[in-house]
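So the structure is just underneath, and the comments pick up after that.
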Amino acid sequence: MKQRLFLEEICSDILRCLHPRDLATPGRDIRIDHEWNLGSGTEFADIRVRPSDADPYFVEIKVGYTNGEVVRRLADKFSSEDGRRGGAQKVVVVLDMRGRRERDELVRAIRSAIARSLDVELWDEDALDALTQRFFGVRLPPLDDPSAVAPFRMAVDEAKARWAFGERSVATDRPLRDALLWRFGVSQLKELRGANAAKGLPETAESLVPMGHYERAIVLMADMSSFSSFVRDTPDEEITRASLTSFYAKSREQIIDSGGMFYQFVGDEVSAIFGVPNARPGYVHDALRAARALLEILRSVTTHWQRRIDRVQAHCAAHIGMAMGDLDLVALRPFDVARFGAFGDSLNIAARLLHVAAADEIIISNVLRQELDGLAYDCELRPETEIKNLGVVRSWRLIADAGARDRAGVAPGAH
C-alpha cells in the first residue's frame, strides 16, 4: 500500500511535468483526478489525466501484485467496452518488472485483459527512472528499499522548489518554501511569483501568500461517512492507519491539482480554501469540481476499507460542506509566516454544513449558490440551518454540475 501510494505521488509529479499547466491562459489547464469512478460504483481508476492538448488517459499503479492479480485487477476495471471513461483513450500501467517471471506472458495477458478500444502503455522501473532523471535530476530508488525513499523525495521537492520559487531562492526560505509546497501546487506558486514580479515586488517566498484579509474565499470541508463505525469494526489498527493514509495522500493531491490551497486534516476530515491568495478566473468551478472529486476519493477509500473487514457499514461515502465569505490568514507565532491559520465566518458555516450533509451530499452556502448563476449547476434549497453565534443560515444541496458531465465525457462548458 505505502509503495503504491508513493508511486502514485511520483507519477502525479511526472504527469504535471509532462503536461504543464498554464493557469494564466484559458484552455491550457491539465486536469488530474484521483480515484476516477468507472461507473460501477466499486471500481475506480487510480489516476485520470485530461491534458489540454491531448486525449484523456488513465494511469494504474500495479506495483507489488502477483502477475495474476495485476491481470485480474486491470480486467475488473477496463475489460468492458462501455465503461464510464470520460473520453480516455489509453491506460498507462506502472509495473515493477524486474525479477518477475514470465514477463512476456504478463504483457500479453495485460493487453488481452484491457478493452481493445484502449491503448496500453507500460511504465516499468527503467521508464520511471528515465522520467525522474529527466524532470527532477535524480535516479528512481529501488522499489524494494524503503530507506531510499526519503532522500529521493527530498531531491524531488528541491527540484519543485526551484521551479516554484526560482533559482535565487535562498536557504533561509526553506521552512516557508516547504510549507507552501505542502499547501499549493508548483504551477500556482509559479503563477503567484510571476504576478508579484509584474508588480515589482521582491522575489521572496514570503511575498507569495501574505497574511491578511481575503474576500470571497471558498472553504471546502469533507469527511467520511460512518467513520467511527469503520474504526470500531476494524480489529486490525494497521488497516485503519493505511486507509487514512490513502485518504490523506489522495485528497491533498486532488486539492492542489484542482487549483486550491490544502488547509488541514483533522481525523477523517480534510479542509481546503479556494480563492486565496488569488481569486483566479474559474476558481468557483475549481472548488466545486474538487468537491465532486473528493466524494469519489472517499467512496473509493471506504469501499476498499469495507472489503477488508467483516461487518457491513451503513455507508461507503462522504459528505461535504462549502461556504463563501471573507477570510483572514494569520501567523501562528511571531515572525513565522511558514505556519499560519485562518479565521472567518465561512469556516464556521462550512463546518456546520458539513455536519448536516447526508452521505454523498454536497451542501453549499447561499452566498456560494449565488455565484453559480449562469454556470451549469443545479441546486435544491434545504431547510434553514442554525449555526451557533451566527444565527440561521440558508443553504443548498448540489444535485448536478458540469463536473459530473465531464466525468461522462462531455466537454466543459457544454450545456
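All heavy atoms count here, side chains included; hydrogens, waters and symmetry mates do not.
- Counting non-hydrogen atoms of other residues, nucleotides and ligands closer than 6.0 Å to CE of M154 gives a total of 12 or fewer.
- By the neighbour-count criterion of 12 heavy atoms within 6.0 Å, atom CD of Q370 is densely surrounded, having more than that number from other residues, nucleotides or ligands.
- A salt bridge links R299 with D360: the distance from a Lys NZ or Arg NE/NH1/NH2 to an Asp or Glu carboxylate oxygen falls below 4.0 Å.
- For the pair R48 and E296, the salt-bridge criterion is not met [side-chain N within less than 4.0 Å of a carboxylate O].
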Could you give me the CA-CA distance, side-chain angles and deciding distance for T240 and R308, then say whether side-chain contact (heavy atoms from CB on, under 4.5 Å) is met?
-> CA-CA 10 Å; T240 299; R308 304 178 70 189; over 6 Å; no
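- Within the 4.5 Å cutoff, the side chain of M322 has no heavy atoms near those of the M221 side chain.
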Residues R352, L347; criterion side-chain contact (heavy atoms from CB on, under 4.5 Å); working and verdict | CA-CA 9 Å; R352 179 58 179 151; L347 282 164; over 6 Å; no
When you look at L128 and D124, which way does the side-chain contact (heavy atoms from CB on, under 4.5 Å) test go after all the steps?
-> CA-CA 6 Å; L128 286 175; D124 61 8; over 6 Å; no
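- Side-chain atoms of Q254 come within 3.5 Å of backbone atoms of H34 as a donor-acceptor pair (strictly under, hydrogens ignored).
- Cation-pi geometry between R252 and W182 is satisfied (NZ or CZ under 6.0 Å from the ring centre, within 45° of the ring normal).
- A donor-acceptor pair under 3.5 Å is absent between the side-chain atoms of S395 and the main chain of I363, judged by distance alone.
- When each of I364, I399, L398 is paired with Y377, the side-chain contact (heavy atoms from CB on, under 4.5 Å) condition holds for L398 and for no other.
- Shown here for A291 and I362, the closest heavy-atom pair between the two residues is CB-CD1, 3.8 Å.
- With hydrogens and angles ignored, the 3.5 Å screen pairs no side-chain donor or acceptor of Y214 with any backbone N or O of G325.
- Proximity of E269 to L354: side-chain heavy atoms (C-beta onward) are separated by under 4.5 Å at one or more points.
- How far CZ of R72 is from OG1 of T66: 8.0 Å, rounded to the nearest 0.5 Å.
- Between K160 and D13 there is a side-chain heavy-atom pair separated by less than 4.5 Å.
- Because its NZ or CZ atom is both nearer than 6.0 Å to the ring centre of Y65 and within 45° of the ring axis, R4 counts as a cation-pi partner of that residue.
- In this structure, N67 contributes its side chain and R101 its backbone to a donor-acceptor pair below 3.5 Å.
- Salt-bridge formation is not detected for the pair E69/K62: no Lys NZ or Arg NE/NH1/NH2 atom is positioned less than 4.0 Å from an Asp or Glu carboxylate oxygen.
- Note that OG of S187 is 7.5 Å distant from CD of E191, once rounded to the nearest 0.5 Å.
- More than 12 non-hydrogen atoms from other residues, nucleotides or ligands lie less than 6.0 angstrom from CG of D236.
- Every residue two or more places apart in sequence or in another chain that forms a side-chain hydrogen bond (donor to acceptor under 3.5 Å, both in side chains) with T234 is listed here: W305.
- The pair E253-K250 does not meet the salt-bridge criterion, since no charged nitrogen lies less than 4.0 angstrom from a carboxylate oxygen.
- A heavy-atom distance below 4.5 Å is found between the side chains of I218 and L368.
- For W163 and F136, the distance between ring centers is under 6.0 angstrom.
- In terms of modelled atom types and a separation under 3.5 Å, the side chain of S226 and the main chain of S229 share no donor-acceptor contact.
- A salt bridge links R100 with D96; the closest basic N to acidic carboxylate O contact falls under 4.0 Å.
- Annotation for C379 and L372: closest pair SG-CD1, 3.9 Å, computed over non-hydrogen atoms.
- Annotation for Y248 and G267: closest pair OH-O, 2.6 Å, computed over non-hydrogen atoms.
- Using a 3.5 Å distance cut-off with no hydrogens or angles, the side chains of R216 and Y283 do not pair a donor with an acceptor.
- At least one donor-acceptor pair closer than 3.5 Å links the side chain of D46 to the backbone N or O of I61.
- Annotation: side chain of M97 is in contact with side chain of V107 (closest heavy-atom distance under 4.5 Å).
- Here the CG-CG distance, from L298 to D268, works out to 8.0 Å after rounding to the nearest 0.5 Å.
- Rounding to the nearest 0.5 Å gives a distance of 7.0 Å between CZ of F262 and OG of S251.
- Inter-residue side-chain proximity for E8 and I47 is flagged as met; some heavy-atom pair is nearer than 4.5 Å.
- Between the side chain of N278 and the backbone N or O of R280, no donor-acceptor pair lies under 3.5 Å.
- At least one donor-acceptor pair under 3.5 Å links the side chain of Q188 to the backbone N or O of G185.
- W36 and F44 have their aromatic ring centers separated by at least 6.0 angstrom.
- A donor and an acceptor atom, one from each side chain of S225 and H319, are located under 3.5 Å apart.
- Of all the heavy atoms in D129 and L140, the pair that sits closest is OD1-N, 2.9 Å.
- For the pair D257 and R31, the salt-bridge criterion is not met [side-chain N within less than 4.0 Å of a carboxylate O].
- Checked against the 6.0 Å centroid criterion, the rings of F58 and F78 qualify as a close aromatic pair.
- Electrostatic pairing of D119 and K90 does not count as a salt bridge here, judged by no charged N lying under 4.0 Å from a carboxylate O.
- The backbone N or O of A358 sits less than 3.5 Å from a side-chain atom of E361, completing a donor-acceptor pair.
- Counting only heavy atoms from C-beta outward, the side chains of Y57 and L118 never approach each other to under 4.5 Å.
- The nearest pair of heavy atoms linking W396 to R382 is C-CG, 4.1 Å.
- Heavy atoms from other residues, nucleotides or ligands lying under 6.0 Å from NZ of K190 number 12 at most.
- Atom CG of residue D345 and atom CD1 of residue I387 lie 9.0 Å apart, to the nearest 0.5 angstrom.
- When the shell of 6.0 Å around CZ of R394 is examined, it contains 12 or fewer heavy atoms from other residues, nucleotides or ligands.
- With sequence neighbours left out, Q306 forms a side chain to side chain contact (heavy atoms under 4.5 Å, CB included) with F230, I309, V312, Q313, C316.
- Electrostatic pairing of R73 and D76 does not count as a salt bridge here, judged by no charged N lying under 4.0 Å from a carboxylate O.
- Contact of the L74 side chain with the V120 side chain is not registered, since no non-hydrogen atoms from C-beta on lie closer than 4.5 Å.
- Under the 3.5 Å distance criterion, the side-chain polar atoms of R98 are left unmatched by any main-chain donor or acceptor of E125.
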Check the pair N196, S207 against side chain to side chain donor-acceptor pair (under 3.5 Å), reporting the backbone distance first and the verdict last.
-> CA-CA 8 Å; N196 282 357; S207 67; 3.2 Å; yes
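- Residue R311 places its CZ atom among 12 or fewer non-hydrogen atoms of other residues, nucleotides or ligands, all under 6.0 Å distant.
- Scanning all heavy atoms of the two residues, the minimum distance from E60 to A45 falls at OE2-CA, 3.1 Å.
- Here R397 pairs with E380 in a salt bridge; the nearest charged N to carboxylate O distance falls below 4.0 Å.
- Taking CD1 of I255 as the start and CG of L220 as the end, the distance is 6.5 Å to the nearest 0.5 Å.
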